[in-house]
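Below is one structure; the comments refer to it alone.
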Amino acid sequence: LTLAFGRAKFTGTVKNGELALERKTSGDFGDAWSIKETIRGTYREGAVRAHYTYAECEAATRCPNKCTLPADPVLAR
């Protein structure tokens, strides 16, 4: 399964209405960083109700460290 928001693409699975998606990217903000985003939730009645987590991890440090962001989106057509 792929869920796209513009150029951002999350991949994962839907089993019994349970959604599990992930996206891993990297960036260079003065140092190398890895970025992991997850979307977990349900898909019912044409809408996704989920929990989103964003975590940045500076290379060679404990992860997540400086920047994390949780959210609870509802996506519907």
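The structure displayed is predicted, hence computed values, not measured ones.
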Requested in this report: Would you mind listing every salt bridge (charged side-chain N to carboxylate O under 4.0 Å, His left out) that reaches into residues 1-19, with sequence neighbours excluded?
Outcome: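 Found Glu18-Arg44.
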For [X] versus [Y], what's the shortest heavy-atom pair and its separation?
X: Glu37; Y: Tyr54; result: CG-CD1, 3.6 Å
X: Arg40; Y: Ala20; result: NH1-CB, 3.1 Å
X: Trp33; Y: Glu58; result: CE3-N, 3.4 Å

Query raised in the report: Taking only residues two or more places apart in sequence or in another chain, which ones pass salt bridge (charged side-chain N to carboxylate O under 4.0 Å, His left out) with Glu22?
Result: Lys24, Lys36
Requested in this report: Answer yes or no: is there a side-chain heavy-atom contact under 4.5 Å between Thr13 and Leu1?
Outcome: no
How far does [atom1] of [X] sit from [atom2] of [Y], to the nearest 0.5 angstrom?
X: Asn16; Y: Thr42; atom1: CG; atom2: OG1; value: 12.5 Å
X: Ile35; Y: Arg23; atom1: CD1; atom2: CZ; value: 7.5 Å
X: Leu21; Y: Thr11; atom1: CG; atom2: OG1; value: 7.5 Å
X: Phe5; Y: Ile39; atom1: CZ; atom2: CD1; value: 4.5 Å

Query raised in the report: Are more than 12 heavy atoms from other residues, nucleotides or ligands located less than 6.0 Å from atom OH of Tyr52?
Result: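 Yes.
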